[in-house]
Amino acid sequence: MLDPKLIREAPDLVRAAIARKHLKVDLDAALGADAAWRALLQEAEHLRSVQKSANAAMATLPKGSPEFLAKLSEMKAVSAQIKERDGALKAAEERCREAMLTLPNLPHESVPEGRTPEENVVFSTHGDVAGAGPFAVAHWDIPGFSRLFDFERGAKVTGAGFPFFIGDGARLVRALINFFLEEDVKSGYAEVSPPIFVNAASATATGQLPDKEGQMYETTPDRLYAVPTAEVPLTNFFRDEILDEASLPVMRCAYTPCFRREAGSYGKDVRGLNRLHQFDKVELLKWVHPSASYGELDRLRNDVEGLLRKLEIPYRVLLMCGGDLGFAQSKKYDLEVWAAGQKRWLEVSSCSNFEAFQARRAQIRFRPRESGKAELVHTLNGSGLAVPRVLAAILENNLEADGRVRIPAALVAHFGKSHLSFS
RNA sequence: GGAGAGGUGGCAGAGUGGUCGAAUGCGCCUGACUCGAAAUCAGGUGUGCCGCAAGGUACCGGGGGUUCGAAUCCCUCCCUCUCCGCCA
């Protein structure tokens, strides 16, 4: 959510910024709803103040006295009026809130102009893309693949997109999770193991609700949502709280399975490990002082890049253009690994600065020593990292002539041996 | 899942229909005393929203209701604690 004051005071600035995201947004509707709400609010508050002073007077009058009875009948009318006004006020407030929630976050000035994913800027490229995976094939075509990654039985037991990971496949998943968590902790993120179901209030605060409920798995009869990312429980940890300024930046990491219904996805994107309904991911979260958030974004991206460098996977960093920025982000980098068999880039992390957009919705603040007046923090997050696609890149890039997969040196200690075998 | 108790300001804890945004204590801030500190004394000390301002208004777990008027009465939901049951 944007700052309503900013929208009122500088609508043109907001309009121009939103235009850079190439979204169709009815700012005038929001402005109108806001003005209508404020007008009603003033009327309603005036009526209340009349009522309050009358009530104070009545409190001092003898109960059955003529003056008391006169006031009483007079106030009955006012009370009825207030009830009616309050109804209108509530409706106006709801309309206003809904209109405000349709407004996207403003892109940062450093975000490049652009409408489509093709206009994202390649910020940097690392590693030897051309020379990667001399024996590469798409991972699902590796002989024996289905012995370690059993999609058919997963489909039987649960559904498409819920594979079993078996033997060395399972072992590699576990090794990656461990590697990510331990590296992230070394970078200063405190490890958290959060709930993987959240309630509606949490899903609303991070923006999954009300619009994207079709993308989450929902439980019956408790109406809990399986987390699409650890970002949801992690961000909500401090919902409606005021943090100690000295504790900023707060940095945390969490491993969770992630659940995404991905309704409407199809085609080559979903083959093999590229896109699953359930996958493992380690997420990084930062709650920071507003003045520090862009420096923290660079550091976050660097921390994630460090993981890919240690795994010796060629990757590139994209700086998302306005049109490909998410609804809630001010600035976002996507990290993509090179999958030599598919000859395509796979997104394994996006590192975003939400500025105060999420914090306003979730009411996460800090109290500056100077003013003593609570202010919204800035929130950032990034994957560090998503397991299956990293795994896919390792399978493809590190496939050797004998059909085994070489485990990156940094991972050997976690995996326990130097090669993964499909037989 | 069953039975009971309870949710009030940073914390503890009063308050069962009217002048209660709310006693009191602790904590915190300011001042006095002091070379300084402690102790003591005096004063102050919640948050949000609307408003150019003066000011107004809302908030006693959430929502709804009764009433001229609700922290206080009624309904409902949530949460916490104690005991019992079940259980990794």
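So you know, we letter chains A, B, ... as the sequences are listed, proteins then strands, and number each from 1. Because the structure is predicted, anything quoted here is derived from the model rather than measured.
With RNA chain B read from its 5' end, the first of the two nearest nucleotides for Arg38(A) and Leu72(A) is the one closest to Arg38(A).
Between the P atoms of A71(B) and G62(B), the separation comes to 12 Å (whole Å). The gap from the C1' atom of C20(B) to that of C29(B) amounts to 25 Å, rounded to the nearest Å. C83(B) and A88(B) have their C1' atoms separated by 22 Å, given to the nearest Å. Straight-line distance between the C1' atoms of U76(B) and A23(B): roughly 31 Å, to the nearest whole Å. Taking atom P on both nucleotides, U72(B) is separated from G21(B) by 13 Å, rounded to a whole Å. Of the C1' atoms belonging to C28(B) and G64(B), the separation is 39 Å, rounded to the nearest Å. For the C1' atom pair drawn from A32(B) and C81(B), the interatomic distance equals 46 Å after rounding to whole Å. As rounded to the nearest Å, G46(B) and A22(B) have P atoms that lie 10 Å from one another.
Note that Arg147(A) lies outside the cation-pi zone of Phe422(A), set by a 6.0 Å cut-off to the ring centre and a 45° limit from the axis. No cation-pi contact links Arg153(A) to Phe164(A), judged by a cut-off of 6.0 Å to the six-membered ring centre and 45° from its axis.
Considering only residues two or more places apart in sequence or on other chains, Glu45(A) meets the side-chain hydrogen bond (donor to acceptor under 3.5 Å, both in side chains) condition with none of them.
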Exercise for the section: Go ahead and write out RNA chain B as dot-bracket, 5' to 3': ( ) for pairs within the strand, [ ] for ones crossing earlier pairs, | when the partner sits on another strand, dots for unpaired; Watson-Crick or G-U wobble, both distances under 3.5 Å. Expected result: ((((((((.[[[..)..(.....]]]((((((.......))))))(((((....))))).[[[[[..)....]]]]])))))))....
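Within residues 76-89 of chain A, the residues having any heavy atom closer than 4.0 Å to RNA chain B are, in order of number, Lys76(A), Ser79(A), Lys83(A). Against RNA chain B, the stretch residues 51-71 of chain A makes heavy-atom approaches under 4.0 Å through Gln51(A), Lys52(A), Asn55(A), Met58(A), Ala59(A), Lys63(A), Phe68(A).
Distances were taken from every side-chain heavy atom of Lys90(A) (C-beta onward) to each of G64(B), U47(B), C68(B); the shortest belongs to G64(B).
For the pair Gln42(A) CD and A58(B) C1', the computed distance is 15 Å after rounding to whole Å. The interatomic distance linking Leu243(A) (CG) with G10(B) (C1') rounds to 15 Å, in whole Å. Rounded to an integer number of Å, the gap from CD of Glu45(A) to P of G56(B) is 11 Å. Here G63(B) presents its C1' atom at 14 Å from CD of Glu93(A), a figure rounded to the nearest Å. To the nearest angstrom, P of G17(B) lies 24 Å from CE of Met75(A). Spacing between atom CH2 of Trp37(A) and atom C1' of A58(B) amounts to 11 Å, rounded to whole angstrom units. Here G69(B) presents its C1' atom at 14 Å from CD of Glu74(A), a figure rounded to the nearest Å. Here the C1' atom of nucleotide C77(B) and the CG atom of Asn199(A) are 14 Å apart, to the nearest Å.
The number of heavy-atom neighbours closer than 6.0 Å to CD of Glu152(A), taken from other residues, nucleotides and ligands shown, is 12 or below. Within 6.0 Å of NZ on Lys417(A) lie more than 12 heavy atoms contributed by other residues, nucleotides or ligands. The local environment of NE2 in His46(A) is sparse, with at most 12 non-hydrogen atoms from other residues, nucleotides or ligands closer than 6.0 Å.
No salt bridge links Lys156(A) with Asp150(A); every basic N to acidic carboxylate O contact stays at or beyond 4.0 Å. Here Arg115(A) does not pair with Glu119(A) in a salt bridge; the nearest charged N to carboxylate O distance is not below 4.0 Å.
Not a single donor-acceptor pair under 3.5 Å links the side chain of Arg239(A) to the backbone N or O of Ala362(A). Under the 3.5 Å distance criterion, the side-chain polar atoms of Asp168(A) are matched with a main-chain donor or acceptor of Ser421(A). With hydrogens and angles disregarded, a donor-acceptor distance shorter than 3.5 Å links the side chain of Arg261(A) to the backbone of Gly214(A).
Looking at heavy-atom distances under 4.0 Å, Leu41(A) makes contact with sugar-phosphate atoms alone, never a base.
Screening residues 184-193 of chain A for salt bridge (Lys or Arg N to Asp or Glu O under 4.0 Å), with sequence neighbours left out, gives Glu183(A)-Lys186(A). Evaluation of the ring pair (Phe, Tyr, Trp, His ring centres under 6.0 Å) test over residues 281-307 of chain A, restricted to residues two or more places apart or in two chains, returns His108(A)-Tyr294(A), Phe238(A)-Trp287(A), His289(A)-Phe366(A).
In this structure, Lys373(A) reaches the G48(B) phosphate: one of its side-chain N or O atoms is under 4.0 Å from OP1 or OP2. The shortest distance between the side-chain N/O atoms of Arg48(A) and the OP1/OP2 oxygens of G56(B) is not below 4.0 Å. Contact between the side-chain N/O atoms of Arg8(A) and the OP1/OP2 oxygens of C50(B) is found at a separation under 4.0 Å.
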